[in-house]
Number of protein chains: 2
Amino acid sequence: MASRPTMEDVAARAGVSRALVSLVMRGAPNVSQARRDAVFKAAEELGYSPHAMARSLASRTSTVLGVMVSDLHNPFFAEVVDGLEAVARKEGFELIINTGRRTPAGERQAVRSLLSFRPAGLALLGPAVAAAEIEAAADQVPVVLVARATRLGSVDTVNDDGRAGSELAVDHLVELGHRRIVHFDGGRGSQSALRRRGYLDGMKKHGLAASVIRSEYTDVAGAKAVKTLLERDEPLPTGIVAANDINAIGAISALEEAGLRVPEDVSVIGYDNTSLAALAHVGMTTVDQPRHAMGRLAAQAVLERVRNGRTEPVRHLLHPKVVHRHTTAPPPAAQ
Amino acid sequence: MASRPTMEDVAARAGVSRALVSLVMRGAPNVSQARRDAVFKAAEELGYSPHAMARSLASRTSTVLGVMVSDLHNPFFAEVVDGLEAVARKEGFELIINTGRRTPAGERQAVRSLLSFRPAGLALLGPAVAAAEIEAAADQVPVVLVARATRLGSVDTVNDDGRAGSELAVDHLVELGHRRIVHFDGGRGSQSALRRRGYLDGMKKHGLAASVIRSEYTDVAGAKAVKTLLERDEPLPTGIVAANDINAIGAISALEEAGLRVPEDVSVIGYDNTSLAALAHVGMTTVDQPRHAMGRLAAQAVLERVRNGRTEPVRHLLHPKVVHRHTTAPPPAAQ
DNA sequence: CGTCACGATTAGAGCGCTCTAATAGCACTC
DNA sequence: GAGTGCTATTAGAGCGCTCTAATCGTGACG
């Protein structure tokens, strides 16, 4: 693990000045072909590669993007990071990642630690940290928020339109002919309020009576919500707009256990389009949340500020889409 | 976005030298309380925070760990990264992440790009890159490989013992009383050969006749393997060791569709312990692959080399465990 | 043949920090 | 009152690079 050669070493070997090596490494024009070749040859022989941090320090520019993930364990964010990385990489940037360990204090520390690298920009994924902290960061560097809204005029945001997504789910069921449609909500989970709002708006739009059952983002909660439904004195709904895919899978199992067929007797639509929904034997109709695209847009937003110096905030509100599979169908009889 | 204050600014404001500010920032002893307070006060007032790259350059040390992920989209690696991050963070290191876009050329570029930051160490997750490239990297910096074996004496490795895991699966079924046990293999998927080997060894150990059905890491393939089984002229096996959880879920669906009950008629055990297996209505018995622990071990291996200067390679072969849930039970009748 | 213009090359300062070696301060001793 | 042995502080070089401004060729031109 010998210490690596520097530009000075390459210069000496190629018989040129350090400045010339620098120019060659940066692909500058106005360098004679002869010298260029000599420099590359010397670099190759010595196994030289530029020192990104020294370059960054000297040029007062950065090629790293800081990414704070509230919870990398969550596949949602992992896919967003994947999208971020795709764009960053293509544009010559690297990602430096920190997680917030799901606490505001942890996130705060993560953001500060990220800023100590003087990144070109910062992407905060699902941050729970205080707005003041975000604002402070935005004073130093372009910031984009994913899966979090804000009033701050200095930061960009990329969000999925949970309200619209739920409304689409309702539209889908109504189109199939359903009229008794209930919503299992996500309790205090993130996005839960928006999805509930979308369901309520959708039902109202179609002139239908809404009914929300308090639930959670778990399969157990979905199953429990079905039991609640079955114990009621009212006619069973023919359609269920579940809080998310996991909740939907729980609901489906409980329905089947109760002797009801999906989708013949009851249609169920999920939310998120996780890999779970795509499983052949599940084949769940669900609302797709374009995670990868969200990551890409976030990276683009930051890079626009870095490169073009844009200052007006950008608000991306992604329109989710219904993915048609096999857990929804027309209701059992014309109502 | 004004340019940020430097150590010099803090020194001037606190009425001390730059060197003293440096000492305070690094928490050095032998600094009088009065000066220490003055420096912190000035730093606070100016909103100063140290410049990590400048520090790294001057001290010739690094606090970043390079991570090359063959495919961050894959939840397996996302969880390994999560484990890496947990240890790195605790030890004061940051992760800088690059993906290889699933091609050796992409990985090669990713590794080089990572090395240009002169990281303290490098973790390669599921790398497909050539051994020579790994060796070249290992000449410059401590390297740990996750989910890839190597003969190189200069790098550490962290792998799950797929052979042992499959053998455990067989043991589990045998303990329950099964004797006719088949294996649905993972085709040309990674780890597939090892898992098959483990199954074969396990069956041999118990003096049972082995039977492998060629399959894949998908639910569709698992279902198809069950159909193959049903079309055979032989008595149905009572136990199935599936290639992984996804394959197992496909097998379970197909069995149920054929009117067989799991686990009353047939027991099925998966592999990986994905979130899928843990779903309440799935409740799959499976072999756990400790992804988070693998990430933690990888980080520790690198940091040991960085800090303690260890040079002998470490080979972590993680022993998987069977997670008992509800898709395995004693066979229908004593055989 | 001197001068000019212009492309190719280089010297040298400096990015923000750390680190070594030197110095300042200060209580004690003899 | 000079010397000793501390600890607290600082000057200054230097990490590997970029960037500005200066310099060096060299061919065209009058």
Side-chain angles (χ1 to χ4, degrees), chain A residues 2-40 42-43 46-64 92 113 115-120 140-141, chain B residues 2-40 42-43 46-64 92 113 115-120 140-141:
Chain A
S3 86
R4 305 190 54 184
T6 73
M7 217 168 232
E8 204 75 55
D9 300 326
V10 176
R13 185 174 189 105
V16 299
S17 70
R18 174 172 29 80
L20 211 244
V21 177
S22 173
L23 290 173
V24 171
M25 288 300 156
R26 282 176 288 151
N30 297 345
V31 173
S32 69
Q33 195 57 45
R35 305 283 176 120
R36 192 181 297 275
D37 292 346
V39 167
F40 277 136
L46 292 174
Y48 171 81
S49 93
H51 190 308
M53 290 192 179
R55 167 177 289 180
S56 175
L57 186 61
S59 65
R60 272 140 283 188
T61 61
S62 170
T63 58
V64 320
S113 166
L115 284 175
S116 77
F117 282 85
R118 304 293 188 272
Q140 301 175 19
V141 77
Chain B
S3 86
R4 307 189 53 182
T6 73
M7 218 167 233
E8 203 75 54
D9 300 326
V10 176
R13 186 174 189 104
V16 299
S17 70
R18 174 172 30 79
L20 211 246
V21 177
S22 173
L23 289 173
V24 171
M25 287 301 154
R26 284 176 287 150
N30 297 344
V31 173
S32 68
Q33 195 57 43
R35 305 283 176 121
R36 192 180 297 275
D37 293 345
V39 167
F40 278 135
L46 293 173
Y48 171 81
S49 93
H51 189 307
M53 290 193 179
R55 167 178 290 181
S56 174
L57 187 62
S59 65
R60 270 140 286 189
T61 61
S62 170
T63 58
V64 322
S113 167
L115 284 175
S116 78
F117 282 86
R118 304 293 187 273
Q140 301 174 20
V141 77

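Chain letters run A, B, ... following the sequence lines, proteins first and then strands; every chain starts at 1.
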Compare side-chain N and O positions of [X] against OP1 and OP2 of [N] and report whether any pair is under 4.0 Å apart.
X      : N      : answer
B/T6   : C/dG16 : no
B/S32  : D/dT9  : yes
B/N30  : D/dT7  : no
B/R118 : D/dG16 : no
B/S22  : C/dT18 : yes

Rounded to the Å, how far apart are [X] [atom1] and [N] [atom2]?
X      : N      : atom1 : atom2 : answer
B/L20  : C/dT23 : CG    : C1'   : 14 Å
A/R55  : C/dC17 : CZ    : P     : 21 Å
A/M7   : C/dG12 : CE    : P     : 19 Å
A/R60  : D/dC17 : CZ    : C1'   : 10 Å
A/H51  : D/dG14 : NE2   : P     : 18 Å
A/M53  : D/dC15 : CE    : P     : 18 Å
B/F117 : D/dG16 : CZ    : C1'   : 14 Å
B/L57  : C/dC15 : CG    : C1'   : 9 Å

Report the residue (A/R35 or B/T61) whose heavy-atom-nearest nucleotide on DNA chain C is the more 5′ of the two. A/R35
Would you say [X]'s side chain and [Y]'s backbone share a donor-acceptor pair under 3.5 angstrom?
X     : Y     : value
B/R35 : B/Q33 : no
B/R13 : B/D9  : no
B/D37 : B/A34 : no
B/S56 : B/A52 : no
A/R55 : A/H51 : no

Check whether the side chain of B/R18 and the base of D/dT9 form a donor-acceptor pair under 3.5 Å. no
